[in-house]
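Report on the following structure.
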2 protein chains.
Amino acid sequence: MKSLPPCVAGIGNDVGPTTAACSGENPSCAGLHCHVRKLARHQHAFLQTDRQTHIHWVKAGLLRLYKGLANGRRQIVGFAFPGDFVGLGSEPRYRFSAQAITPTELRVMPRAVFENVAADDPRFSSKLYEALASDLRRTYDLVLTVGQRDSESSLAAFLLEMHARTGTRNSILVLPMPRSDIADHLGLTTETVSRTFSKFAQRGLIHISGRRGISLKNPAALERLAEG
Amino acid sequence: MKSLPPCVAGIGNDVGPTTAACSGENPSCAGLHCHVRKLARHQHAFLQTDRQTHIHWVKAGLLRLYKGLANGRRQIVGFAFPGDFVGLGSEPRYRFSAQAITPTELRVMPRAVFENVAADDPRFSSKLYEALASDLRRTYDLVLTVGQRDSESSLAAFLLEMHARTGTRNSILVLPMPRSDIADHLGLTTETVSRTFSKFAQRGLIHISGRRGISLKNPAALERLAEG
DNA sequence: CGTGGGCTTGAGCAGTGTCAACTTGAGTGG
DNA sequence: CCACTCAAGTTGACACTGCTCAAGCCCACG
């Protein structure tokens, strides 16, 4: 098996120094047409109606992935953290929009290039498959949350997922997204999110520090809540 | 590229005569350990906690794919129609249970066999990838439905999706699943589903015939409802 | 130090769940 | 072939969660 070009060698692993080689200036990557793209807050990587031309890989920052309805309602179907792929899938158009929540750095590659690499390297191909399967699993879980849990269970499940996903050892959790994103993710309103966080704090389940900080005082109780 | 064994040659296409070659008695398939499995009504293909040992392919019938919560609530994350794969994904355990709604016939293959075929044949591999991507797209749509639509919009969207998916030319639609399945799919109750169908019928949007038949009298209006 | 968006809190209400009774119709056995 | 049976579906009354609208607060900016 031939070795992967530096652009994609680190893909599927944690973000590491390998990926630093992939700046636009690096000649070994020029042939792959891969480049770095920086997004300011609220800037879109793509819209749900755009032709799906590129695969995006988050190097730093955070994206909200959302679908809109004609009446203005918005469903955030997922968040893309560093290391995550966005725009996998094999359809002519993206089915959701991707927007930066915090300033974000992306690695952007044309689909064709991506697919060629995947065709040549079964290991890479299977990493892609796993990434897609993992998106699907998370989305199944989200349907369960949104469809069957009440506001308390939803938020408990959300806090636990964010804690697991950001991989913090201690119980201090940073939620980089505003309350409105949490609401649109869970099918609630910002008011309900806020009220429920307050209730959790009163009961001693969590401690809220500032706008972004939450520490989980009683994860076991949250788990119980999340299970109904 | 070597030709595919009869067991999987028809996979990804419509169910056709090719697949008939794949009975347990056929020696050319014995080495693949693929076999036919028939499920009676309410019988499970697997449970959400089972080890994910096999890939299932629906030949005839209908499966509900669901996740359960400790409090007894159930979310149907999808339905598997003839031609659909179930149990793609690359994790140690299924993340949902699969149960027959009507008597169902499955083609069942060990994952290892499946993966070997996929590794040898990029065309097959890419079909799998597409099937997975298509599950993911449908699930994103479901999150939008469950999270952002009210009962009328939900049901309008559901009717249109079932119509598209069962591929009926005319507007007569057979819903093979009971109301309770529709409810648990959309995050509603059977009562709400029933009431909303009645409202649709009163307004002349649909016509209800028997327990399973619905004809769409005004698909355009349903589309408008689904968009909010 | 001032400003404004994001967050919190409150009061009232609408939509949907819950509980209960009744109706329908598919399947069974006489 | 018809009557019986019972699960599935429908309809109604009521309760309650979470949404809407509104006001005020606080923290991160300039």
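Because the structure is predicted, anything quoted here is derived from the model rather than measured. Numbers restart at 1 for each chain; the letters A, B, ... are given by sequence-line order, proteins then strands.
Each of A:Glu191 and A:Glu152 was assigned the nucleotide of DNA chain D with the nearest heavy atom; the assignment lying further toward the 5' end belongs to A:Glu152. Nearest-nucleotide assignment on DNA chain C puts the 5′-proximal partner with A:Arg211, out of A:Ser198 and A:Arg211.
Rounded to an integer number of Å, the gap from CD of A:Gln202 to P of C:dT8 is 12 Å. Atom CD1 in B:Ile208 sits about 10 Å away from atom C1' in D:dT10, given to the nearest Å. Summarising the geometry, the separation between CG on B:Asp150 and P on C:dG17 is reported as 11 Å, rounded to the nearest angstrom. Taking atom CG on B:Leu188 and atom P on D:dT10, their separation rounds to 14 Å, with Å as the unit. Across the protein-nucleic acid pair, B:Arg73 atom CZ and D:dT17 atom P stand 13 Å apart, rounded to whole Å. Atom NE2 in A:His42 sits about 12 Å away from atom P in C:dG5, given to the nearest Å. A straight line from CG of A:Leu155 to P of C:dT8 spans 11 Å, rounded to a whole angstrom. Between B:Lys199 atom NZ and C:dT16 atom P there is a gap of 7 Å when expressed in whole angstrom units.
For A:Thr189, no side-chain nitrogen or oxygen approaches OP1 or OP2 of D:dG18 to under 4.0 Å. Between B:Thr192 and C:dT16 there is no side-chain N or O to OP1 or OP2 distance below 4.0 Å.
Within the 4.0 angstrom heavy-atom criterion, base atoms lie near B:Ser194.
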Practice task
Report the C-alpha distance between B:Glu152 and B:Lys199 in whole Å, list the side-chain angles of each, state the deciding distance to 0.1 Å, and finish with yes or no for salt bridge (charged side-chain N to carboxylate O under 4.0 Å, His left out).
Solution key: CA-CA 9 Å; B:Glu152 294 198 0; B:Lys199 269 193 269 181; 3.3 Å; yes
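For B:Arg212 against D:dG9, a side-chain-to-base donor-acceptor contact under 3.5 Å is absent. For B:Arg179 against C:dT24, no side-chain N or O and base N or O form a donor-acceptor pair under 3.5 Å.
The existence of a salt bridge linking B:Lys67 and A:Asp141 is confirmed by a sub-4.0 Å separation between a basic side-chain nitrogen and an acidic carboxylate oxygen. Comment: B:Asp84 engages B:Arg165 in a salt bridge, judged by a side-chain N to carboxylate O separation of less than 4.0 angstrom. Comment: A:Asp181 engages A:Arg74 in a salt bridge, judged by a side-chain N to carboxylate O separation of less than 4.0 angstrom. The pair B:Arg138-B:Asp135 meets the salt-bridge criterion, since a charged nitrogen lies less than 4.0 angstrom from a carboxylate oxygen.
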